[in-house]
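Inspection log for the structure reproduced underneath, given as C-alpha cells.
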Amino acid sequence: MTETLVQNIIDVLGGSMGKEAIVFIISMIPILELRGALLVAGPLLGVPVATAIPLCIIGNIIPVPFILWLITPVFNWMKGTRKLKPMVDKLEAKAMSKSDKIEKYEFWGLVLFVGIPLPGTGAWTGALIASLLGVKFKKAFPAIILGILMATVIMWFISYVLLGGVNLLG
C-alpha cells in the first residue's frame with residue numbers, strides 16, 4: 001500500500017515539480033515522513049544525499065509544532081460533532097495504544113519512538129501521543145527533533161548505503 005501511495009505521489013507531482021520538491025513534500029506526509037522520503041530520494045529519484053537529508057529533516061520537522069500546539073484543541077472541537085467524533089476516538093485510541101514507553105520514559109521514550117523506523121512510529125504519531133499525554137512543548141519538541149535525527153541516520157544507511165550502493169570507503 002505504501003509503495004502505491006509513494007508512486008501515486010511521484011506520478012502526480014513529478015510532472016510539475018523537481019525531485020527535491022517531491023522529496024520535501026513526502027517528508028511532511030503522515031506515515032511516509034522522512035523515512036519514506038529518504039527511500040524515494042536515494043534509490044528511486046537519485047537525489048544526492050547532501051541535498052536529500054536537509055530537505056527531509058526540515059520537511060519532517062515543519063508539522064511537529066502545529067501538532068503539539070493544535071491537535072488537542074482541534075480534536076476537542078471535532079469531538080463536539082457527531083460525524084467526526086468516532087474518527088477522533090479511533091485516532092486517539094490507536095495513538096494511545098502505542099504510548100506506554102513514551103508515558104513511562106517520557107523524553108527518551110519519545111526520542112526512541114520517533115527515531116526507530118517501525119510501522120506506526122515517527123514524528124507525527126510521536127507528536128500526537130506527546131500532545132495527548134500532556135507532555136510540555138519544551139520537552140516534546142527537542143525529543144522529537146532528536147528522534148528525527150536518529151531516524152535520519154538509520155534511513156540514510158538503509159536508503160543510500162544498503163539500497164543505493166554508496167561506497168563508504170571512497
Flag, side chain of Lys19 to backbone of Val47, donor-acceptor distance under 3.5 Å: no

Would a distance-only check, ignoring hydrogens and angles, find a side-chain to backbone donor-acceptor pair under 3.5 Å from Thr81 to Met78? yes

Among the clusters formed by ILVMFWY side chains lying less than 4.5 Å apart, do Leu84 and Leu91 turn up in the same one? yes

Going hydrophobic residue to hydrophobic residue with side-chain gaps under 4.5 angstrom, can you get from Ile58 over to Val153? no

Set out, in order, the CA-CA distance, both residues' side-chain angles and the distance that settles side chain to side chain contact (heavy atoms under 4.5 Å, CB included) for Val40 and Leu32, then state yes or no. CA-CA 10 Å; Val40 169; Leu32 297 176; over 6 Å; no

Under 4.5 Å between any side-chain heavy atoms of [X] and [Y], yes or no?
{"X": "Val135", "Y": "Phe107", "result": "no"}
{"X": "Leu38", "Y": "Ile53", "result": "yes"}
{"X": "Thr152", "Y": "Phe157", "result": "no"}
{"X": "Leu39", "Y": "Met155", "result": "yes"}
{"X": "Glu92", "Y": "Lys79", "result": "yes"}
{"X": "Ile62", "Y": "Phe24", "result": "yes"}
{"X": "Lys85", "Y": "Asp89", "result": "yes"}

Euclidean distance, [Y] [atom2] relative to [X] [atom1], rounded to 0.5 Å:
{"X": "Leu146", "Y": "Leu112", "atom1": "CG", "atom2": "CG", "result": "10.0 Å"}
{"X": "Ile148", "Y": "Ile61", "atom1": "CD1", "atom2": "CD1", "result": "5.0 Å"}
{"X": "Ile144", "Y": "Leu149", "atom1": "CD1", "atom2": "CG", "result": "12.0 Å"}
{"X": "Leu55", "Y": "Ile22", "atom1": "CG", "atom2": "CD1", "result": "12.0 Å"}

For Phe66, I'd like to know if atom CZ has over 12 heavy atoms of other residues, nucleotides or ligands within 6.0 Å. no

Side chain to side chain contact (heavy atoms under 4.5 Å, CB included) assessment of Leu45 paired with Glu20: CA-CA 9 Å; Leu45 297 178; Glu20 293 81 4; over 6 Å; no

What are the two closest heavy atoms between [X] and [Y], and how far apart are they?
{"X": "Leu70", "Y": "Pro73", "value": "O-CD, 3.2 Å"}
{"X": "Phe137", "Y": "Pro142", "value": "O-CD, 3.7 Å"}
{"X": "Leu68", "Y": "Ala130", "value": "CD2-CB, 4.1 Å"}
{"X": "Ile26", "Y": "Gly36", "value": "CG2-C, 4.0 Å"}
{"X": "Ala95", "Y": "Leu128", "value": "CB-CD2, 3.5 Å"}
{"X": "Ile154", "Y": "Pro117", "value": "CG2-CG, 3.5 Å"}

For the pair Leu118 and Phe113, evaluate side chain to side chain contact (heavy atoms under 4.5 Å, CB included) and give the outcome as yes or no after the intermediate values. CA-CA 9 Å; Leu118 295 171; Phe113 182 86; over 6 Å; no

Side chain to side chain contact (heavy atoms under 4.5 Å, CB included) evaluation trace for Cys56 with Val23: CA-CA 7 Å; Cys56 291; Val23 169; 3.4 Å; yes

How would you list all residue pairs meeting side chain to side chain donor-acceptor pair (under 3.5 Å) that involve [range], not counting sequence neighbours?
{"range": "residues 94-110", "value": "Glu106-Lys139"}
{"range": "residues 36-49", "value": "none"}
{"range": "residues 121-133", "value": "Arg35-Thr121, Thr72-Ser131"}

